[in-house]
Amino acid sequence: MPSADIELEVESLRSQLEAWNYQYYVLDTPSVPDAEYDRLMRRLQELEQQYPELVRPDSPTQRVGGEPQSEFSQVTHEVPMLSLDNAFDGAELRDFDRRVRERLGNPEAEVEYACEPKLDGIAVSLLYRDGVLERGATRGDGYSGEDITHNVRTIPSIPLRLQGEHIPGVLEVRGEIYMPRSGFESLNQRAREAGEKTFVNPRNAAAGSLRQLDARVTAQRPLEMCCYSVGQVERGELPVTHTQVLDRLLQWGLRTNPESAVVVGAEACEAYYEALAVKRDQLPYDIDGIVFKVNDLALQQRLGFVSRAPRWAIARKFPAQEEMTRLLDVEFQVGRTGAITPVARLEPVFVGGVTVSNATLHNSDEIQRLGVQVGDTVIVRRAGDVIPQVVSVVSERRPDDARPVAFPDRCPVCDSPVEREEGEAVVRCMGGLVCAAQQKAAIKHFASRRAMDIEGLGDKLVEQLVDEGLVENVAGLYTLTREQLQGLERMGEKSADNLLAALEVSKQTSLARFIFALGIREVGEATALNLARHFGNWETLAAAGDEQLLAVDDVGPVVADHLRQFFDSASSMQVVEQLRRAGVNWPDLEVAPPEQLPLAGQIWVVTGKLEAMGRNEAKQLLQDLGAKVAGSVSSRTSCVVAGPGAGSKLGKATELGVEVLDESAFLQRLAALGIEL
Ligand code: IVH
């Protein structure tokens, strides 16, 4: 038991440390030498260690860092970092172009513009002195920002030292630091699994990651930088157009946007905008518009600035990817594995280019984290082809009659009990294949294009078949008769025959498709393919023990467990047996020991556009030949296949002296390995 004196001392240490902490981190006015602070901190740590009952979660010892922002030092931008004027439609863009031509004194002459995607991230400035990264800073208010050197140094796409020739003695490079969508999704996924707060969008995630005091945290975040201009330049010359400057930056080892283009006139700008609008969803990162810049730097100079924006550039904005709407209700959907997913029913809202009336709420933890209630005004985000999400609640708009979301304790479809596995966020219906929702989902998955590819067996039809009691599991599909089908609503003789023919065709499949079609938990297409390649036939796979399963690429303990459960389940194996008896078949594969494949042990990277095959096809081929295919170039890379439009990966490969093949050299190499396309 600590004495009253000890308790008092602990309390006084805490208030003293808290006061200093505030002055240091929040007000940025340190009031005592660090040594004094450290001494008190150590004393407090000792006491807390001795009397653990005195430890409180809000003790200064339990805090890493402090109120972050205040610790970043301020940086003055020698050349202010300006913002851009916006154009919200084609007419505003044409107005901009007209003003440019008029100001240049030759309204008839068309102007050359550099077009670039407007990345939705954080504007930063990088200062290189004699080619060495000296400082990274945020834009701040445009005149001064925060020093984030320690964080920018962790971003792999930012070179610590520039390469090449004619690098100015002082070169300030500007660009956007952002988080690619895939990185954002997996970061949030991990946060969700860990029960942590998720980020609202990639932009906030990037901002949050840069605002870390601990660069080790930043280093864990998937951040990238794309450069779009220069600021201060001393002791050196740059070329005379904007795009030439960007080319130069690329040569020096900095990333620029490969989507950039040069066009002439407003019409062509609008065409570029339209083309990118179509491509927007496929880009690996969020963009909120297109930036058009007068390409000739001398003309830029003549045009100058108004207040805080240049007269020589404009941002043509895309429709917003986040909008506000009202949550009308929450419904619960039961998936293939029984997972119960809450789905938000929304007042329809136009966001990310489509009208959205449903959004996922993921699971009960997410509902809790959001603190969302039915009737709330919420912010909905739809970016790319990612399903719409409710990202936050506008709490001040909560109506009096809002009601909390009640998670069901029985399956809303089959009324079986639900369970939440230890350590899992997902609540599952325990009804298994008794549950009509699970039956339907399993059959839809089985029939889908990438699985058994049963043409004409759409979702509606599957629902009918299950609801009518004609089919209970996937094997039942192959016993359907013409008469049964014709008895269904909206099913004529012809469609019935077509479906039967499609079922017949689907029987010839591949082992990989078959494994994938079974819908074993966590066994996606890639894992199914690996399993098929590894075992070559069904019998060996189904008899495989844990150790053999774990030897397969992509298969960890969890997947192995799901596989074993499937193979050990008499009812599952019975369905497989019925399918095979119905005539479902596939050729067995020859299994070459992986270490004997021609590219075994090699790491390849594929970048740029390929003509003879898609990039994915090329990757698949390489994997078939035993190579690992990586997403980025490192010193361990064996070879890079680079098509036209290859960007930084090509640069990196050249820098590291990694072998680079263009497409025709790649095809020759394949031919030498006996693969003719
Ligand atoms: S040029 C003087 N180019 O947009 C010109 N900005 O609204 C200054 N941005 O703060 C910017 N992509 O964060 C430029 N390709 C691009 C851009 C871009 C994104 C951001 C940047 C800037 C904001 C201006």
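Residue indices begin at 1 and follow the sequence shown.
- By the 4.5 Å heavy-atom criterion applied to side chains, Val374 and Leu328 are not counted as neighbours.
- You'll find the side chain of Leu488 reaches within 4.5 Å of the side chain of Glu468, heavy atoms only.
- In summary, Glu196 and Arg192 do not engage in a salt bridge, as defined by a charged side-chain N under 4.0 Å from a carboxylate O.
- Here Phe407 and Phe332 bring their ring centres to under 6.0 angstrom of each other.
- Side-chain polar atoms of Arg410 and Ser416 form no donor-acceptor pair below 3.5 angstrom.
- For Glu455, the CD atom is loosely surrounded, since the number of other residues' heavy atoms within 6.0 Å does not exceed 12.
- Contact annotation: the side chain of Glu522 never approaches that of Thr527 to less than 4.5 Å [non-hydrogen atoms, C-beta and beyond].
- Ring geometry for Phe96 versus Tyr113: interplanar angle of 30 to 60°, hence tilted.
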Pair Ser357-Arg345, side chain to side chain donor-acceptor pair (under 3.5 Å): steps then yes or no: CA-CA 6 Å; Ser357 42; Arg345 302 281 177 233; over 6 Å; no
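- Side-chain contact between Cys435 and Val334 is present, with heavy atoms from C-beta onward closer than 4.5 Å.
- Side chains of Met324 and Val380 form no contact here, defined as non-hydrogen atoms less than 4.5 Å apart.
- You'll find the side chain of Asp120 stays beyond 4.5 Å of the side chain of Asn201, heavy atoms only.
- Between Arg398 and Gln373, some side-chain heavy-atom pair lies under the 4.5 Å cut-off.
- Taking the side chain as every heavy atom from C-beta outward, Glu463 and Lys444 approach each other to under 4.5 Å.
- The aromatic ring centroids of Tyr273 and Phe318 lie less than 6.0 Å from each other.
- Of the N and O atoms on the side chains of Arg397 and Thr377, not one donor lies less than 3.5 Å from an acceptor on the other residue.
- Remark: side-chain polar atoms of Asn151 are paired, donor with acceptor, to backbone N or O of Gln212 under 3.5 angstrom.
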Stepwise ring-ring contact (aromatic ring centres under 6.0 Å, His included) test for Tyr285 and Phe184: CA-CA 9 Å; Tyr285 42 77; Phe184 166 73; over 10 Å; no
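- Each of Arg382, Arg381, His362 was evaluated against Gln389; a single residue qualifies, His362, per the side chain to side chain donor-acceptor pair (under 3.5 Å) test.
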